Each structure stands twice: as C-alpha cells, then as structure tokens.
Amino acid sequence: MIIDLAASDAPAALPTFDVCVAGAGVAGLTVALQLAARGRTVALFEAGGRDGDTASQDFYRGSNTGVENLPLDQTRLRQLGGSSNHWGGWCRPLDAHDLTRSDLTGNPWPISVSDLVPYGKKAGDVLGVNAASGADLPLAGGDGNLQAIRMFFSRPPAHLGDRFYDALETTPNLHLFLNAAVAAPSFSPNGAATSLSVRNKRGDIALQCNARFFVLALGTVENTRMLLLWNRDNGERVANPQWLGRGYMQHLHQEIGQFVLFDGATPSAAPPPTADQQAFMASTESFLASKGVGAFRLYSTAMSCGPLVDQISGIATAEACASITAGGRLFITCEQMPNDASRITLGTDADAFGQPRAVLDWQIDKRDADTLREAALEFGRYLIRANLGRLKVNQAVLDGAAPLTGWTALPSAPGAAGHQMGGIRMSATAADGVTDRECRLWGVDNLYVAGAGVFRTSGHANPTFTLTQLALRMADTLHRRLGG
Amino acid sequence: MKRQRNRKLGEVASGIDRRTVLAAAAALLAAPAIAPRRDEIVIVDGWVLSPHDIARTHDSPSTA
C-alpha cells in the first residue's frame with residue numbers, strides 16, 4: 001500500500017515492522033520488494049513523491065570543493081525510483097578480479113564474485129535487462145591484455161518506481177510512504193537501532209517507525225551524509241568513523257584518441273549496443289596486474305577517416321596507410337583509483353530541515369591519468385599486433401594531464417555519467433571500513449547500508465547492476481536473520 | 001630496396017589525398033610483411049605506430 005504524507009493524514013501510529021527501509025531508489029525498492037514477497041512486513045520511506053520536484057531536489061544540494069563535478073542536486077533524483085528515473089540502462093557485473101585486487105586499498109573486498117553471481121539473473125530481472133551486446137572473449141590477434149566484453153542493457157531504461165508501482169500499491173505487508181524523509185534513529189542501550197523518525201517535507205507530520213532491522217538506501221552521498229550526522233548526534237555509533245566518507249569514487253569518462261581501421265578490420269565481434277556506439281573491449285586481469293592501473297573499458301563511435309588519413313600519411317609509410325577505410329573516436333570509461341583524500345563531509349550550510357548539507361571533496365590523482373594513458377597505448381599496440389589499424393592518442397592523455405571531469409567531460413564522452421561510489425566501504429574488519437561483508441554497519445548490529453557507497457573499488461562496470469546484486473543478497477541475509 | 005621504396009612512398013603520402021595513398025600502398029601489399037617486435041611502438045604526433053610504419057625521412061620519433 002502507498003501512503004503519501006503530502007496528501008494524506010498521518011496514520012495515528014505505525015506497527016512494528018520487520019524491516020524499515022529508508023529510500024525507494026533501486027537499492028531500497030529491491031530490498032523492500034524482495035522481503036515483502038517473502039511475507040516480511042516492510043516500511044519503505046521515500047523522501048520525494050512519485051514525481052520529482054524542485055523543493056525535494058533541494059535537499060540534495062551540496063558543495064563540490066574538489067575537482068570539477070556535476071552539481072549534487074542534479075546527479076541524483078529524490079523521488080520514487082530514485083535515479084533510475086534518469087539512468088541510461090547500461091549494466092554489467094563487476095569482474096572477479098575487481099573484488100580481489102588488494103593493491104588498490106590495501107585489502108580486497110570482503111566478498112568475492114561468487115557471493116554476487118547467484119543474484120545476477122534476478123538483478124537483471126529487477127532492472128529490466130532485455131538486451132546484451134557481444135561476449136566476454138579473448139581478442140583475436142591480441143596478447144591477452146584486452147578482451148572483448150559483453151554489456152547488458154535495460155531498454156528503454158527501466159524506471160523502477162513505475163515498473164513496480166502496482167506491486168507497491170497492492171502488496172499488503174509493504175507500506176510505502178511517499179514524501180516521508182527519515183530524520184534520526186534511536187538506539188537502545190546495547191547499541192542496536194530501535195526506531196527511525198520520519199517527517200513530511202512541510203514538517204507538520206512526524207512518525208516514529210519501529211523495526212527489527214533498518215536499511216539505509218538513500219544513495220551514496222545521502223547515505224554518507226545521514227551516517228555522518230547520526231554518528232555525530234548519537235555518540236559515535238560507527239565503530240571506526242575515520243573511514244566514514246572517505247574513498248569516494250566516480251568513474252572517469254572521456255575521449256582519449258581517434259583511430260583508423262584498415263579494410264575489413266573489425267576490432268571486436270561485438271555488435272554495436274546502440275546505433276552509434278560500440279562497447280567492445282576492456283582491460284584484463286593480467287594487464288591490470290602488470291600495470292597497476294585502474295580497470296577500463298573502451299568503446300567507439302564512427303567518424304570520417306579523411307582528416308586522419310591526411311595526418312597519418314604525413315608520418316607513416318604508405319604501407320602503414322594501406323587500405324584505410326574507416327575512422328573512429330575512442331572513448332574510455334575507467335575506474336578511479338581509490339583515494340582516501342577523496343571524501344564526503346558535513347558542511348555548514350543547512351537544508352530546509354536544518355541538517356548540514358553534504359560537502360564533496362572529490363579528488364583524483366596522477367594514477368588516474370596513468371590509467372588513461374596506459375589504456376590508450378595498449379589499444380594502439382593491439383591495433384598494430386592484429387594489423388587492424390592505427391591509433392592517434394590525444395596529446396593531453398599522452399602528457400598525463402588530469403582526466404576530464406564534470407561539465408568538461410560530458411561533451412567528450414557519450415554516455416558519461418556521475419557514478420557515485422565509496423565513502424561507506426565494506427571491509428573484513430572494523431578497522432578497515434564502515435560496513436561488514438553483509439553491508440551491516442560496523443558497530444550497529446541491525447543497521448544495513450544498501451547502495452554503491454559500500455564499494456571498495458569501482459572497476460569499470462556501471463554500478464547499478466552490482467548494487468542491485470548486493471541489495472538482493474541483503475534481502476536474503478535479513479530474511480535469514482528474521483528466521484527465514 | 002624495400003626501405004627505399006618505403007621512403008619514396010612515404011614522401012608521396014605526405015600531403016596527398018587518400019586515394020593516392022591507397023593506390024601507392026597497393027603496390028606494397030605484395031611485399032612480404034615484416035612483423036614488428038612485440039610491444040615496440042613509436043609515437044609520432046600522437047600516433048601509436050610500429051617502427052616499420054615510420055618513413056625513414058622522419059626525424060627522431062619518441063618511443064614508449
């Protein structure tokens with residue numbers, strides 16, 4: 001059932017729920033619907049309405065004090081379905097080696113890909129994945145440093161609020177409250193969370209939700225903001241707060257070069273995922289191990305080869321220029337190297353509820369420029385080895401210039417997006433992160449965090465698929481803890 | 001002999017239209033290919049090239 005606190009009278013009191021979920025975006029909807037389908041009683045609170053509005057979005061406003069970035073209140077949507085209302089529908093799970101690399105954060109993820117694989121099929125169902133492109137295959141003529149990869153797509157991109165609206169309306173043991181923003185938790189003397197206070201945006205309705213388990217699913221930045229706030233106001237509930245907010249990451253997207261192809265050359269067996277884009281290859285584990293750079297994938301769009309032919313023919317022999325028939329622009333989506341200095345904190349400005357807004361100090365460094373350069377050079381080597389064509393690398397990339405970010409990056413890279421990850425990283429021990437391998441907050445036994453904030457590393461895969469796998473796994477965990 | 005032919009065609013390729021490049025290059029296709037040594041690349045004006053791609057008239061390319 002759906003109760004809109006902007007339009008309805010508040011219920012006199014709420015029953016005690018099995019699970020209280022804050023946030024009805026991809027992660028929150030997934031956890032809530034899975035648990036409700038198994039008969040659990042669930043309260044799901046969405047701060048926005050069914051549609052977005054500027055007053056609601058204003059709560060996401062914050063400061064970017066680091067490298068150029070997109071405004072925080074434009075990259076995430078505070079409404080039912082969350083940011084699935086404007087995502088591109090690109091999906092891919094993280095690779096196994098993304099979770100096992102220990103050179104990036106000192107330790108690998110506390111889970112392995114085998115913990116996520118069982119949820120892959122269902123994650124695809126949740127996200128409406130209905131198309132795929134290519135296959136994970138070694139490249140003919142390559143030497144194992146690059147591989148063709150398969151991308152999955154939700155087409156048109158599923159808006160999960162609409163996709164599951166009927167289920168939300170008709171599931172009796174699932175209470176969805178719209179225009180209901182979570183405010184603050186209460187804790188028992190033994191440190192467990194006992195209730196969550198909720199209010200509508202006018203502030204004239206306040207509810208107290210009691211539950212056995214709580215899930216924070218507000219998005220990477222908002223989850224971190226709330227945890228920082230709650231930790232500050234409730235006597236350091238987070239076991240090791242030094243990690244809270246640190247290690248914030250975004251994928252980097254930009255054009256890194258242009259290439260020519262010889263007659264008959266096809267750099268991948270992968271058919272184009274869209275009319276004008278081709279996601280076709282990615283770094284392999286062995287390449288990452290040898291270079292120590294971030295994971296990446298490369299894709300291209302077609303361009304006229306005429307100007308490129310003019311350029312290369314002034315440099316290379318005619319033999320090298322033989323049978324050039326096509327040109328392309330080369331783009332990269334790559335992992336940002338985890339960086340403890342990249343962090344989310346609380347600011348001094350306050351939102352309409354008087355709560356401090358988020359300050360995002362996103363930092364990238366030379367290692368990220370190295371990833372772009374090594375990726376470009378490796379693609380250039382591949383074209384030579386396989387005798388497919390030749391690559392011209394953008395000079396700034398060769399020079400190790402800082403990767404493009406924010407508005408500057410957008411025109412350079414079709415499909416670029418503000419993937420927000422980290423800040424609440426999961427860890428094998430409390431000393432090394434914020435949540436445990438079950439995405440449970442170290443220090444609070446019954447408070448879980450859903451979303452990409454728990455990522456230790458980001459790989460090159462768009463994060464939505466992995467965060468959905470994690471949300472499905474969390475639903476299993478909670479069902480089990482509830483006695484299922 | 002082959003090197004001389006490459007230089008000549010490389011010079012021809014400079015600043016001429018693509019059709020001419022392709023026509024000139026076609027004559028070389030019959031020549032036995034010389035495989036570049038693995039990982040040996042030369043970067044000239046941003047182009048990632050095999051050493052065999054470079055016209056001998058070009059000065060001091062950077063290597064990577």
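Every chain is numbered from 1, with letters handed out A, B, ... down the list of sequences. These figures come from a predicted structure and were not determined experimentally.
With sequence neighbours excluded, no residue satisfies side-chain hydrogen bond (donor to acceptor under 3.5 Å, both in side chains) with A/Thr405. Remark: A/Arg367 pairs with A/Asp365 by the side-chain hydrogen bond (donor to acceptor under 3.5 Å, both in side chains) rule, at least two apart or across chains.
Expressed to the nearest 0.5 Å, how far OG of B/Ser50 lies from CG of A/Asn387 amounts to 9.5 Å. Atoms CD1 and CD1, on B/Ile43 and A/Ile315 in that order, are 11.5 Å from each other to the nearest 0.5 Å. The CG atom of B/Asp53 sits 6.0 Å away from the OG1 atom of A/Thr317 when rounded to the nearest 0.5 Å.
Considering only heavy atoms from C-beta on, A/Ile312 stays 4.5 Å or farther from B/Asp45 through its side chain. Looking at B/Val48 and A/Arg390, their side chains never come closer than 4.5 Å, going by heavy atoms from C-beta outward.
When all heavy atoms are compared, the tightest approach of B/Trp47 to A/Leu308 is CZ2-O, 3.6 Å.
Heavy-atom pairs under 4.5 Å with chain B peak, among A/Asn394, A/Val397, A/Leu391, at A/Leu391.
Only the side chain of A/Leu398 comes within contact range of chain B, with at least one heavy atom under 4.5 Å from a heavy atom of that chain.
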